[in-house]
**Student:** 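One structure is given below, represented as structure tokens, and several questions about it will come after.
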Amino acid sequence: MKPKTALPNVTTLEEADTNQFAQDIIQGLSGNPKTLSSKYFYDGTGSRLFQQIMDLPEYYLTRTETEIFTRQQEAITKAFCAPGSFDLVDLGSGDAAKTKILLRALVNQAVDFTYVPIDISLDAVQELQLSLADELPGLKVAPLTGDYFEALQQLQTQSTNRKVLLFLGSNIGNFSYPEIRNFLKNLRQYFVAGDQLLIGFDLKKDPRVIRSAYDDQAGITAEFNFNLLRRINQTFNGNFNLNHFKHFAEYNPVSGEMKSFLVSTHNQEVTLHDLDFNFKLSAWEAIHTESSFKFSESQIKELAQEANLQTEYVYTDSQEYFADVLFRVS
Ligand SMILES: C[S@@+](CC[C@H](N)C(=O)[O-])C[C@H]1O[C@@H](n2cnc3c(N)ncnc32)[C@H](O)[C@@H]1O
């Protein structure tokens with residue numbers, strides 16, 4: 001289990017998260033097909049592996065969103081500003097490498113705001129807090145660790161500021177369409193009219209470009225996938241043998257769904273001793289570990305309409321691989 005030490009003003013919800021982790025694992029591995037939620041990829045090692053993924057030549061997502069923020073930072077940050085202070089809430093902040101482009105622009109314009117990074121990974125939040133203290137010492141930061149909605153609920157008790165919420169890096173694509181509808185509906189209870197939402201959507205494109213972003217030559221994405229089993233072994237005293245699994249990724253251009261799996265190469269039995277949980281995998285049975293949906297502009301419009309969100313701006317990169325869409329709550 002991860003240590004419970006936190007920087008003094010990092011609020012940790014970690015114990016509840018570990019119980020939820022256990023429940024989700026048992027449920028996912030008892031099902032047919034077997035699943036593990038992608039939100040558990042990000043322990044310390046997972047967060048560091050994801051940073052390596054973001055530098056891979058195949059992983060266009062970070063490059064393209066970075067291009068959008070670098071080239072259009074002035075327009076984007078101006079669109080956030082209105083009289084009075086606001087909270088810039090970064091859902092799933094990770095290392096916030098891209099958010100920092102916007103943070104620097106806001107700080108340079110002397111805008112009055114508080115940055116609220118939210119992440120389920122305590123390690124990621126702590127590292128981010130240290131790097132912000134170093135790189136942007138004047139920035140007001142109020143980090144929260146935990147699941148998106150637990151953290152948003154906590155934020156509501158702490159601040160009544162106007163909110164500008166960031167959901168970057170195609171994080172929204174990890175949800176299915178019904179989950180996205182539900183997510184946007186749930187988000188609305190934390191918003192009032194005038195609040196804004198900037199969401200990063202990975203757009204539909206050449207299927208081969210998409211597939212190689214999730215199955216890179218260097219095998220870092222495979223390592224990232226295997227790390228989920230390593231994390232389960234460490235957290236719950238399990239005996240997953242990582243050598244008995246293969247990483248496999250496929251893209252379906254009809255549904256726009258990119259799926260990643262861990263495929264069992266043997267008949268095997270796995271025990272998670274701390275949970276008193278034991279299950280069997282047949283040879284070539286797959287555990288579905290991640291879905292990442294890709295969107296067309298019309299699908300984005302439809303989702304916004306259903307959620308009663310008004311589209312203010314669509315920012316895209318030069319290849320039109322990615323779109324950051326700014327919505328206003330009406
Ligand atoms: C793909 S990374 C994106 C990081 C960053 N926003 C970016 O665009 O580069 C996803 C981040 O979301 C966090 N995350 C995933 N599921 C979460 C959840 N349910 N609640 C809170 N954080 C979550 C992960 O820990 C991870 O740091």
Side-chain angles (χ1 to χ4, degrees), residues 5-14 42 44 47-48 50-51 54-55 62 65-148 150-169 171 187 190-192 194-200 313 315 324 326 328:
T5 47
L7 291 179
N9 64 341
V10 176
T11 310
T12 171
L13 302 165
E14 208 185 357
Y42 301 93
S47 296
R48 277 183 283 280
F50 188 70
Q51 282 176 16
M54 290 194 292
D55 288 335
T62 309
E65 202 175 32
T66 302
E67 180 198 317
I68 294 171
F69 288 178
T70 306
R71 294 201 177 163
Q72 303 181 69
Q73 54 185 282
E74 210 181 306
I76 298 172
T77 51
K78 277 211 171 104
F80 293 165
C81 292
S85 183
F86 67 92
D87 289 339
L88 187 67
V89 184
D90 194 357
L91 280 189
S93 43
D95 70 355
K98 286 166 295 172
T99 310
K100 283 178 186 171
I101 301 169
L102 304 180
L103 293 176
R104 263 183 225 110
L106 288 163
V107 168
N108 289 341
Q109 293 162 47
V111 174
D112 180 18
F113 75 106
T114 302
Y115 177 52
V116 184
I118 290 176
D119 205 290
I120 200 161
S121 164
L122 179 62
D123 304 78
V125 173
Q126 288 183 328
E127 278 176 33
L128 174 59
Q129 208 186 1
L130 289 172
S131 77
L132 287 172
D134 190 40
E135 293 168 38
L136 285 162
L139 182 70
K140 285 190 270 181
V141 189
L144 292 168
T145 61
D147 200 67
Y148 302 132
E150 289 172 313
L152 282 174
Q153 210 153 6
Q154 187 152 344
L155 179 62
Q156 266 202 325
T157 64
Q158 289 173 196
S159 166
T160 53
N161 282 347
R162 180 171 70 86
K163 286 189 194 68
V164 179
L165 198 135
L166 308 177
F167 199 40
L168 307 179
N171 261 7
L187 269 187
Y190 300 99
F191 279 139
V192 295
D195 286 346
Q196 288 168 303
L197 184 53
L198 183 72
I199 304 185
Y313 295 102
Y315 306 97
D324 281 288
L326 184 66
R328 184 175 289 272

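Numbering of residues begins at 1 and proceeds along the displayed sequence. Since this is a predicted model, take the numbers as computed values, not measurements.
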**Student:** Dump the intermediate steps for side chain to side chain contact (heavy atoms under 4.5 Å, CB included) on I76 and I68, then the final yes or no.
**Tutor:** CA-CA 9 Å; I76 298 172; I68 294 171; 4.3 Å; yes
**Student:** Can you tell me if CD on E74 sees more than 12 non-hydrogen neighbours from other groups inside 6.0 Å?
**Tutor:**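 At most 12 heavy atoms, drawn from other residues, nucleotides or ligands, come within 6.0 Å of this atom.
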**Student:** Is there a side-chain contact between S131 and D134, using heavy atoms and a 4.5 Å cut-off?
**Tutor:**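 No, every pair of side-chain atoms sits at 4.5 Å or beyond.
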**Student:** Taking all non-hydrogen atoms of both residues, which atom of K163 and which atom of F191 are closest, and how far apart?
**Tutor:**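 Closest approach of K163 to F191: CB-CE2, 4.4 Å.
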**Student:** Mark yes or no for whether S121, through its side chain, and Y42, through its backbone, hold a donor-acceptor pair below 3.5 Å.
**Tutor:**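 Yes, the answer is positive, given that a donor and an acceptor are paired below the 3.5 Å cut-off.
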**Student:** Please find the pair of heavy atoms, one from P117 and one from V141, that lie closest to each other, and give the distance.
**Tutor:**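 In this case the closest contact between P117 and V141 is CD-CG1, 3.9 Å.
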**Student:** Any side-chain heavy atom of S93 sitting closer than 4.5 Å to one from L128?
**Tutor:**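 Counting from C-beta outward, S93 and L128 do come under 4.5 Å.
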**Student:** With rounding to the nearest 0.5 angstrom, report the CG to CG distance, L102 to D90.
**Tutor:**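 These two atoms lie 9.0 Å from each other.
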**Student:** Could you label the plane-to-plane angle of the F86 and F80 rings as parallel, tilted or perpendicular, counting under 30° as parallel and over 60° as perpendicular?
**Tutor:**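 Perpendicular, since the angle between the ring planes exceeds 60°.
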**Student:** Is there a donor-acceptor contact under 3.5 Å from the side chain of D119 to the main chain of V125?
**Tutor:**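 No; judged by distance alone, with no hydrogens or angles, the pair does not exist.
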**Student:** Do the side chains of Q129 and Q126 get nearer than 4.5 Å, heavy atoms only?
**Tutor:**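 No, too far: nothing below the 4.5 Å cut-off.
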**Student:** Is the shortest distance from a Lys or Arg side-chain nitrogen in K100 or D95 to a carboxylate oxygen in the other one below 4.0 Å?
**Tutor:**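 Salt bridge flag = no for D95 with K100.
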**Student:** What verdict does the side chain to side chain contact (heavy atoms under 4.5 Å, CB included) test give for L198 and L168, after you've listed the backbone C-alpha separation in whole Å, the side-chain angles of each residue and the deciding distance to 0.1 Å?
**Tutor:** CA-CA 7 Å; L198 183 72; L168 307 179; 4.1 Å; yes
**Student:** May I ask you to decide if G169's main-chain N or O and E65's side chain share a donor-acceptor pair within less than 3.5 Å?
**Tutor:**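 Between the backbone of G169 and the side chain of E65 there is a qualifying donor-acceptor contact (under 3.5 Å).
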**Student:** Report the C-alpha distance between V107 and L139 in whole Å, list the side-chain angles of each, state the deciding distance to 0.1 Å, and finish with yes or no for side chain to side chain contact (heavy atoms under 4.5 Å, CB included).
**Tutor:** CA-CA 7 Å; V107 168; L139 182 70; 3.9 Å; yes
**Student:** Where do L152 and V89 land on the side chain to side chain contact (heavy atoms under 4.5 Å, CB included) test, with the steps shown first?
**Tutor:** CA-CA 9 Å; L152 282 174; V89 184; 4.1 Å; yes
**Student:** Could you measure the distance from the CD1 atom of I118 to the CG atom of L144? Nearest 0.5 Å is fine.
**Tutor:**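 So the gap between those two atoms works out to 5.0 Å.
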**Student:** Check side chain to side chain donor-acceptor pair (under 3.5 Å) between T77 and all other residues, then give those that pass, not counting sequence neighbours.
**Tutor:**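 Expected list: Q109.
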**Student:** If only atom types and distance count, is the side chain of Q73 paired as donor or acceptor with the main-chain N or O of T70 below 3.5 Å?
**Tutor:**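 Yes; judged by distance alone, with no hydrogens or angles, the pair exists.
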**Student:** Looking only at heavy atoms, what is the nearest atom pair of T114 and A142, with distance?
**Tutor:**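 Closest heavy-atom pair between T114 and A142: CG2-CB, 4.0 Å.
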**Student:** Ignoring hydrogens, what is the shortest heavy-atom contact between S159 and D87? Give both atom names and the distance.
**Tutor:**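 The pair with the smallest heavy-atom distance is OG-OD2, 2.5 Å.
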**Student:** I'd like to know if the side chain of E127 reaches the main chain of S47, judged simply by a donor and an acceptor atom lying under 3.5 Å from each other, with no hydrogens or angles considered.
**Tutor:**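 A pair under 3.5 Å: no.
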**Student:** Which residues satisfy the side chain to side chain donor-acceptor pair (under 3.5 Å) test with Q72, sequence neighbours excluded?
**Tutor:**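 Residues passing side chain to side chain donor-acceptor pair (under 3.5 Å) with Q72: none at all.
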**Student:** In Å, rounded to the nearest 0.5 Å, how long is the span from CG of L106 to CZ of F113?
**Tutor:**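 Nearest 0.5 Å value for the CG-CZ distance: 4.5 Å.
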**Student:** Could you give the distance from CG (L88) to CG (L166), rounded to the nearest 0.5 Å?
**Tutor:**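 Reported to 0.5 Å precision, the distance equals 4.5 Å.
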**Student:** Starting at CG of D195, measure out to CZ of R328 and round the result to the nearest 0.5 Å.
**Tutor:**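 Separation between the atoms: 9.0 Å.
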**Student:** From F167 CZ over to L197 CG, what is the distance, rounded to the nearest 0.5 angstrom?
**Tutor:**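 Here the interatomic distance stands at 9.0 Å.
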